Amino acid sequence: MNYLKYTQYVYLVFAIYFIYDGIMKWNVSENKPWLHFMIAAMAIFMFFFRRNFANKMNDRNKKS
(Lines give C-alpha, C1' and ligand atoms only; values in the text may rest on other atoms or scores of the structure.)
Protein backbone atom coordinates (compact mmCIF):
# COMPACT_ATOMS: atom_id res chain seq x y z
CA MET A 1 0.00 0.00 0.00
CA ASN A 2 2.96 2.27 -0.55
CA TYR A 3 1.28 3.81 -3.59
CA LEU A 4 -1.39 5.48 -1.43
CA LYS A 5 1.18 8.07 -0.38
CA TYR A 6 1.55 9.24 -3.96
CA THR A 7 -1.88 8.79 -5.51
CA GLN A 8 -3.38 11.50 -3.34
CA TYR A 9 -1.28 14.11 -5.12
CA VAL A 10 -2.78 13.13 -8.48
CA TYR A 11 -6.02 14.69 -7.24
CA LEU A 12 -4.22 17.98 -6.60
CA VAL A 13 -2.84 17.93 -10.14
CA PHE A 14 -6.34 17.38 -11.53
CA ALA A 15 -7.70 20.19 -9.34
CA ILE A 16 -5.04 22.63 -10.55
CA TYR A 17 -5.72 21.65 -14.15
CA PHE A 18 -9.49 22.09 -13.87
CA ILE A 19 -9.16 25.41 -12.05
CA TYR A 20 -6.79 26.68 -14.74
CA ASP A 21 -9.03 25.40 -17.53
CA GLY A 22 -12.12 26.92 -15.90
CA ILE A 23 -10.48 30.32 -15.53
CA MET A 24 -9.27 30.28 -19.13
CA LYS A 25 -12.72 29.35 -20.46
CA TRP A 26 -14.39 31.94 -18.22
CA ASN A 27 -12.20 34.72 -19.62
CA VAL A 28 -12.59 33.70 -23.27
CA SER A 29 -16.19 32.66 -23.75
CA GLU A 30 -19.60 33.89 -22.69
CA ASN A 31 -20.67 30.70 -20.92
CA LYS A 32 -19.65 30.00 -17.36
CA PRO A 33 -17.67 26.80 -16.87
CA TRP A 34 -19.09 25.85 -13.46
CA LEU A 35 -18.61 22.15 -14.14
CA HIS A 36 -14.83 22.63 -14.20
CA PHE A 37 -14.91 24.34 -10.82
CA MET A 38 -17.14 21.63 -9.34
CA ILE A 39 -14.77 18.91 -10.57
CA ALA A 40 -11.84 20.85 -9.07
CA ALA A 41 -13.67 21.11 -5.73
CA MET A 42 -14.36 17.37 -5.80
CA ALA A 43 -10.70 16.66 -6.55
CA ILE A 44 -9.60 18.81 -3.61
CA PHE A 45 -12.09 17.00 -1.38
CA MET A 46 -10.75 13.64 -2.60
CA PHE A 47 -7.18 14.77 -1.84
CA PHE A 48 -8.03 15.44 1.79
CA PHE A 49 -10.13 12.29 2.03
CA ARG A 50 -7.35 10.08 0.63
CA ARG A 51 -4.76 11.77 2.83
CA ASN A 52 -6.88 11.13 5.91
CA PHE A 53 -7.42 7.51 4.84
CA ALA A 54 -3.69 6.97 4.24
CA ASN A 55 -2.88 8.40 7.67
CA LYS A 56 -5.42 6.08 9.29
CA MET A 57 -3.91 3.09 7.51
CA ASN A 58 -0.41 4.14 8.61
CA ASP A 59 -1.52 4.43 12.22
CA ARG A 60 -3.28 1.09 12.00
CA ASN A 61 -0.16 -0.60 10.60
CA LYS A 62 2.04 0.91 13.30
CA LYS A 63 -0.17 -0.45 16.08
CA SER A 64 -0.06 -4.04 14.86
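Heads up: numbering here begins at 1 and tracks the sequence. These numbers were taken from a predicted model, which means no experiment stands behind them. Both backbone and side-chain heavy atoms feed into the values below; hydrogens, waters and symmetry mates do not.
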Distance-minimising heavy-atom pair for Gly22 and Pro33 = O-CG, 3.2 Å
ask   = Can you tell me how far CE of Met46 sits from CZ of Phe53, rounded to the nearest 0.5 angstrom?
value = 10.5 Å
ask   = Given the rule that I, L, V, M, F, W and Y join up when any side-chain heavy atoms are under 4.5 Å apart, are Tyr17 and Trp26 in one cluster?
value = no
task = Give the intermediate values and the outcome of salt bridge (charged side-chain N to carboxylate O under 4.0 Å, His left out) for residues Lys63 and Asp59.
result = CA-CA 6 Å; Lys63 287 182 182 178; Asp59 293 341; over 6 Å; no
key: Residue list, side chain to side chain contact (heavy atoms under 4.5 Å, CB included) with Phe48, at least two apart or on another chain   = Ile44, Arg51
ask   = Would you find more than 12 non-hydrogen atoms of other residues, nucleotides or ligands less than 6.0 Å from Met24 atom CE?
value = yes
message = Which residues pass the ring pair (Phe, Tyr, Trp, His ring centres under 6.0 Å) test with Phe14, not counting sequence neighbours?
response = none
query = How far does CG of Asp21 sit from CZ of Phe18, to the nearest 0.5 angstrom?
reply = 7.5 Å
request  = Considering non-hydrogen atoms only, spot the tightest contact between Phe37 and Ile23 and give its length.
outcome  = CZ-N, 3.9 Å
remark   = Distance col, row Asn61:CG vs Lys56:NZ, nearest 0.5 angstrom, shows 14.0 Å
inquiry  = Taking Phe47 as the starting point, is it possible to reach Met42 by hopping between hydrophobic residues whose side chains are less than 4.5 Å apart?
reply    = yes
request  = Hey, could you give me the CZ/OH distance between Arg50 and Tyr11, rounded to the nearest 0.5 Å?
outcome  = 5.0 Å
